[in-house]
Amino acid sequence: MNNQVTPDEIRQTVLRLLGEIAPEADLTALKPGVSFRDQLDIDSMDFLNFVIMIHKTFGVEIPEADYPKYGTLNGCVEQLSGKRVR
């Protein structure tokens, strides 16, 4: 079943997924416009796993060329807002 999710729902889900990738991170201090990799102790494999988790959780295709667009909280919300997700 496809549903549209709100920006707040996207934000909360993305933060939950980041918490799984970087459990020691203080996500309450996360700056929404700054790169996750600059703020959290994650490497390129962690980021790839995060993008895969977004794909599986939201059921959206994410071309490799679009990966950088998912590098910030604002970017994730922007990319996923208005999309039909499962």
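On a predicted model such as this, the values are computed, not experimentally measured, just so you know.
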Exercise. Hey, are the side chains of Ile10 and Gln79 touching, using non-hydrogen atoms and a 4.5 Å cut-off?
Worked result: no
For this session: Evaluate the side-chain proximity of Val5 to Leu80: yes if any heavy-atom separation is below 4.5 Å, no if none is.
Result: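 Result no, sub-4.5 Å side-chain heavy-atom pair not found.
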Problem set entry | salt bridge (Lys or Arg N to Asp or Glu O under 4.0 Å): pairs with one or both residues in residues 22-34, sequence neighbours excluded |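 Qualifying pairs: none.
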For the [atom1] atom of [X] and the [atom2] atom of [Y], what is their distance to the nearest 0.5 Å?
{"X": "Ile54", "Y": "Asn49", "atom1": "CD1", "atom2": "CG", "answer": "11.5 Å"}
{"X": "Phe50", "Y": "Ile42", "atom1": "CZ", "atom2": "CD1", "answer": "7.5 Å"}
{"X": "Glu9", "Y": "Phe58", "atom1": "CD", "atom2": "CZ", "answer": "9.0 Å"}
{"X": "Asp46", "Y": "Leu40", "atom1": "CG", "atom2": "CG", "answer": "9.5 Å"}
{"X": "Leu17", "Y": "Lys56", "atom1": "CG", "atom2": "NZ", "answer": "11.5 Å"}
{"X": "Arg11", "Y": "Arg16", "atom1": "CZ", "atom2": "CZ", "answer": "15.5 Å"}

Exercise. Which of these, Leu73, Leu30, Leu27, Thr72, sits in a side chain to side chain contact (heavy atoms under 4.5 Å, CB included) with Val14?
Worked result: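 One option only clears the test, and that one is Leu73.
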For this session: May I ask you to check whether over 12 heavy atoms, not counting those of Glu64, lie within 6.0 Å of atom CD?
Result: no
For this session: Mind checking salt bridge (charged side-chain N to carboxylate O under 4.0 Å, His left out) for Arg37 and listing every partner two or more places apart, or none if nothing turns up?
Result: none
Problem set entry | Nearest atoms (heavy-atom pairs only) where Val60 meets His55 | O-ND1, 2.6 Å
Problem set entry | Phe47 and Phe36 aromatic centres sub-6.0 Å | no
